[in-house]
Structure formats: C-alpha cells, structure tokens
Amino acid sequence: MDTTRYSHSIQVGLSFGLVSGVITSLGLVVGLAFGTESRLAVIGGIVTIAIADSCSDALGIHVAEEAENVHTKAEIWMATVATFVAKFAMSATFLVPILLLDLETAVWASIVWGLAAVGGLSWIIARRQFTSPWGPVTEHVGVAVLVIVVTALLGRFVAATFA
Ligand SMILES: [Zn+2]
C-alpha cells in the first residue's frame, strides 16, 4: 500500500470537508436565524446540511479526483469518504450551541467557533507546507466574515419581505 497516495486522498477530503462544513453551516445558521428567528428551522437546517451537503461535497470531490486522471479507484473512494466524514462531523458541531443556548447566543457562539475553526485549520495547513500562515488565515477568515455579513443581510431581507 502506497501511503503517500492515500495521505493525499485523506488530506483532500479532510481540508475540503472541514472548511466547507464551517462555511456552509455558518451561512445557514446566520441566514436562517435572521430570516426566521426560529430555533427549529436552524436545527432542521443543520441536520439537512450534515447529510445532504456532505453527500453533495463527497460526490463533488469524487468527480474532481476522477477528473485529475492520476488516482486509483481506491484513492478516489478514500477522498470521497474522508470528505463525507469531515463535512458531516464539522456540520454536526454547529448543533451543540443551538441545542444548548438560546437562539441569539447560539448565533454568536457559532460565529466565534466557525471563525476560530477556519483560522485554526488554515494555520495548520499553512504550517504543514512550511509557509507563513498569516496570508491564508486572513484570506479564509475574511471569506467567512463576508459569508456571515451577506447571509445576515439576506436573512433580514427575506424576513422583511416575506414575514
Ligand atoms: Zn488528487
């Protein structure tokens, strides 16, 4: 077994699944909380994301790895499963604040957790490549902040328009 090839597959799945899990869940929590002010909607949304979006991302990675045309079937499936597991686990962590706290506090806790997770992951990935982490950390946290602002505004707009 060539472990370096499998480590590529696992790295692809983990980094994609974890980062995607944070961004999607953050957008969903903020957008649904601002749009509906319903704890139930946010819980239902996270559960749906954890299953459906994990399948979607896993299949996306599967096709992308196939398209590289350099991987064996086993490597491609390793990346597929790693993506599903990482995305599912990361999305599920966003259930913790919403189940334990009131909605407003849970939104703030999700934002703090999400930004810390994206920053931490970007830091770890950059350090593994022996490059300075500040560039990628700023860039990725910046994208996450943008997602939060846009989904909050969209949620407000949806509530004002359709409520
Ligand atoms: Zn690849």
Check Ile46 against Leu95 and note the closest heavy-atom contact, atom names and distance. CG2-CG, 3.7 Å
Which atoms form the tightest heavy-atom contact between Phe94 and Ser25, and what is the distance? CD1-CB, 3.5 Å
In Å and rounded to the nearest 0.5 Å, what is the NZ to OG1 distance from Lys73 to Thr80? 9.5 Å
Determine whether more than 12 heavy atoms belonging to other residues, nucleotides or ligands lie under 6.0 Å from atom CH2 of Trp77. no
If I compare all heavy atoms of Ala74 with all of Tyr6, which pair ends up nearest, and what's the gap? CB-OH, 3.2 Å
Closest heavy-atom pair, Pro136 versus Ser132, reported as atoms and distance to 0.1 Å, is CD-O, 3.6 Å
Are Leu59 and Val12 connected in the hydrophobic side-chain network, where two residues link if heavy atoms are under 4.5 Å apart? no
Under a 4.5 Å side-chain heavy-atom rule over Ile, Leu, Val, Met, Phe, Trp and Tyr, are Phe84 and Ile61 clustered together? no
In the hydrophobic clustering that connects Ile, Leu, Val, Met, Phe, Trp and Tyr at side-chain heavy-atom distances below 4.5 Å, which members other than Leu100 occupy its cluster, ordered by chain and number? Val96, Leu101
Going by chain and number, the hydrophobic cluster around Ile124 (ILVMFWY, side chain to side chain under 4.5 Å) further includes none
Applying the 4.5 Å side-chain criterion to the ILVMFWY set and letting contacts propagate, would Met90 and Val81 be lumped into a single cluster? no
CD1 of Ile49 to CG of Leu28, rounded to nearest 0.5 Å, is 5.0 Å
Note: Ile76 and Glu66 closest approach over all heavy atoms is CD1-CG, 3.6 Å
Other hydrophobic cluster members with Ile125, side-chain heavy atoms of Ile/Leu/Val/Met/Phe/Trp/Tyr under 4.5 Å, chained? none
Between Ser9 and Glu75 (side chain of the first, backbone of the second, donor and acceptor by atom type, cut-off under 3.5 Å), is there such a pair? yes
Tabulate below the donor-acceptor pairs under 3.5 Å that side-chain atoms of residues 103-121 make, not counting sequence neighbours, or state none.
unit_1	atom_1	unit_2	atom_2	d
Thr105	OG1	Asp102	OD1	2.6
Thr105	OG1	Asp102	OD2	3.2
Ser110	OG	Ala106	O	2.8
Trp113	NE1	Thr93	OG1	3.0

Distance check, rounded to the nearest 0.5 Å: Phe157 atom CZ versus Phe162 atom CZ? 6.0 Å
Determine yes or no for a side-chain-to-main-chain donor-acceptor pair under 3.5 angstrom, with Ser91 supplying the side chain and Ala50 the backbone. no
Hydrophobic clustering (ILVMFWY, side-chain heavy atoms < 4.5 Å, transitive) - are Leu154 and Val30 grouped together? no
Are Phe88 and Phe16 co-members of a hydrophobic cluster defined by side-chain heavy atoms under 4.5 Å apart? no
Hey, is the main chain of Ile98 close enough, under 3.5 Å, to the side chain of Arg39 for a donor-acceptor pair? yes
Qualifying salt bridge (Lys or Arg N to Asp or Glu O under 4.0 Å) pairs with a residue from residues 83-98, counting only residues at least two apart or across chains: Asp53-Lys87, Asp57-Lys87
For Ala86 against Leu18, the heavy-atom pair lying closest together: O-CD2, 3.7 Å
Applying side chain to side chain contact (heavy atoms under 4.5 Å, CB included), run through His8 and Gln11 and close with a yes or a no. CA-CA 5 Å; His8 166 81; Gln11 198 176 320; 5.8 Å; no
More than 12 heavy atoms from other groups under 6.0 Å of CD on Glu37: no
Taking only distance into account, with no hydrogens and no angle test, what donor-acceptor pairs under 3.5 Å do side-chain atoms of residues 141-151 form with protein atoms, sequence neighbours excluded?
unit_1	atom_1	unit_2	atom_2	d
Thr151	OG1	Val147	O	2.7
Thr151	OG1	Ile148	O	3.2

